[in-house]
Number of protein chains: 2
Amino acid sequence: MKDNHLRSDCSICYAIDIFGDKWTLLILRDMLFEGKSSFSEFKASEEKIATNILTARLKVLDAEGFLIKTASAANKAKYLYSLTDKAIDLLPVFVELFAWSDKHRAVKPPCNPIYKRLEANKSETIPAYAAELKQRRDAILGA
Amino acid sequence: MKDNHLRSDCSICYAIDIFGDKWTLLILRDMLFEGKSSFSEFKASEEKIATNILTARLKVLDAEGFLIKTASAANKAKYLYSLTDKAIDLLPVFVELFAWSDKHRAVKPPCNPIYKRLEANKSETIPAYAAELKQRRDAILGA
DNA sequence: CAGGATCCCATAGGATACTG
DNA sequence: CAGTATCCTATGGGATCCTG
């Protein structure tokens with residue numbers, strides 16, 4: 001994809017142009033549902049992302065306004081990645097994607113309890129969880 | 001991705017392993033929202049997919065149970081691609097993705113009226129549209 | 001019209017080693 | 001710990017031509 005050159009005006013295409021690959025959504029999953037916020041935590045996920053890919057994806061997510069990078073207060077050599085509202089707004093997409101996957105894949109894996117919590121009563125549970133995420137973020141950023 | 005080798009048990013990862021690329025969701029979009037059902041119609045979409053990629057993606061979508069390929073009744077050399085329930089079940093994902101994109105992209109493009117119809121009253125409109133799609137499909141397949 | 005076949009390039013991504 | 005730097009391979013993908 002050429003930089004800053006949209007393939008079309010389509011809204012779906014806009015989304016795919018940003019995170020239509022094998023890794024970006026997994027990083028966002030880690031942040032949205034696994035409470036992860038650092039390079040080494042992402043690296044430790046079971047899909048085993050390579051460090052060069054991880055660096056590249058974090059850079060894009062930053063540039064596209066999905067996350068904010070700050071230095072850790074405790075450890076100067078450590079960085080923390082916080083979610084923007086734009087990223088948190090992807091929650092409904094993840095919930096639907098999860099529900100679909102859970103319905104159609106052959107093997108049923110043990111699933112993250114947070115998903116289960118969000119599947120029922122979506123119009124209440126999702127905004128509530130989004131608020132939690134924003135609260136955690138603001139605590140870290142000291143906003 | 002190695003064939004039939006899942007990177008992890010994660011449900012999100014399952015979905016990404018199938019359609020985590022720049023083209024697959026656009027083909028499904030064309031089928032779900034644009035009423036397209038043939039090779040040449042997909043090829044004509046404004047993102048200009050290459051024929052080798054299109055062939056490859058259709059093959060994967062077929063193998064993964066997203067569509068059914070049948071010979072056209074009218075034209076023997078023509079094939080029709082119909083959506084399976086598995087593909088139609090992606091409707092909620094598309095609707096949320098569309099809503100997210102529409103909220104966060106800088107430029108607001110003129111949008112497909114079908115999306116607008118599905119954004120309100122989702123729990124009624126989405127199943128209704130899904131039923132429409134299945135009806136159309138069954139008419140074609142003569143089921 | 002639906003694709004297959006080729007050629008070729010760019011990017012994705014894996015593995016490993018290294019640095020502040 | 002958070003990357004950078006390489007090196008290498010595999011795949012994605014564009015362009016073009018060809019065939020039943």
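So you know, we letter chains A, B, ... as the sequences are listed, proteins then strands, and number each from 1. Values below: all heavy atoms of this structure, side chains included; hydrogens, waters and symmetry mates excluded.
Tyr81(A) does not carry Lys69(A) over the face of its six-membered ring by the limits of under 6.0 Å from the centre and within 45° of the normal.
Arg137(B) places a side-chain N or O within donor-acceptor distance of the main-chain N or O of Leu83(B), the cut-off being under 3.5 Å. A side-chain donor-acceptor contact under 3.5 Å links Thr84(A) to the backbone of Gly65(A). Using modelled atom types, one side-chain atom of Ser101(B) and one backbone atom of Ser11(A) make a donor-acceptor pair closer than 3.5 Å. Remark: the backbone N or O of Ser37(A) is paired with a side-chain donor or acceptor of Glu41(A) at under 3.5 angstrom.
Side-chain atoms of Asp21(A) and Thr24(A) include a donor-acceptor pair closer than 3.5 Å. Ser45(A) and Lys36(A) share a donor-acceptor pair across their side chains, judged by distance under 3.5 Å alone.
Listed nucleotides dG4(C), dG14(C), dG13(D) differ in distance to Ala50(A); the shortest reach to its side chain belongs to dG14(C). Listed nucleotides: dG13(C), dA2(C), dA2(D). Nearest to the side chain of Tyr81(B): dA2(C). Distances from the side chain of Arg57(A) to the nucleotides dC1(C), dG12(D), dA12(C) place dA12(C) closest. For Ser38(B), the listed nucleotide lying nearest its side chain is dA2(C); candidates were dA2(C), dA2(D), dG12(D).
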message: Trp23(B) vs Phe42(B), test: side chain to side chain contact (heavy atoms under 4.5 Å, CB included). Steps then yes/no.
response: CA-CA 11 Å; Trp23(B) 295 106; Phe42(B) 303 142; over 6 Å; no
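Atom CG of Leu54(B) is separated from atom C1' of dC1(C) by 13 Å (rounded to the nearest Å). Between the P atom of dG12(D) and the CD1 atom of Ile16(B) lies a distance of 15 Å, rounded to the nearest Å. The NZ atom of Lys48(B) sits 12 Å away from the P atom of dG14(D) (whole-angstrom rounding). Separating the CG atom of Asp17(A) from the P atom of dG12(D) is a distance of 17 Å, rounded to the nearest angstrom. Protein atom CD1 of Ile49(A) is 14 Å distant from nucleotide atom P of dT4(D), rounded to whole Å.
Contact annotation for Ser72(A): no contact, since no heavy-atom pair falls under 4.0 Å across all strands. The residue Phe39(A) sits close to a base: some heavy atom pair falls under 4.0 Å. Residue Thr55(A) is in base contact, counting any heavy-atom pair closer than 4.0 Å across all strands shown. Counting non-hydrogen atoms under 4.0 angstrom, Thr51(A) reaches a base of the nucleic acid.
Note on Lys59(A): a side-chain N or O is less than 4.0 Å away from OP1 or OP2 of dT4(D). Lys22(A) has no side-chain polar atom (N or O) that falls below the 4.0 Å cut-off from OP1 or OP2 of dT11(C).
Each end of the helix from dC1(C)-dG20(D) to dG20(C)-dC1(D) gets its own axis, taken as the rotation carrying the C1' atoms of four end pairs onto the next four within a five-pair window, and the two axes meet at 40° to the nearest 10 degrees.
Nearer to the 5' terminus of DNA chain C, by closest-nucleotide assignment, is the contact made by Ile53(A) (compared with the other of Ala77(A) and Ile53(A)).
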Please tabulate the protein-to-nucleotide N/O contacts below 3.5 Å involving nucleotides 6-8 of chain C, giving atom names and distances.
none

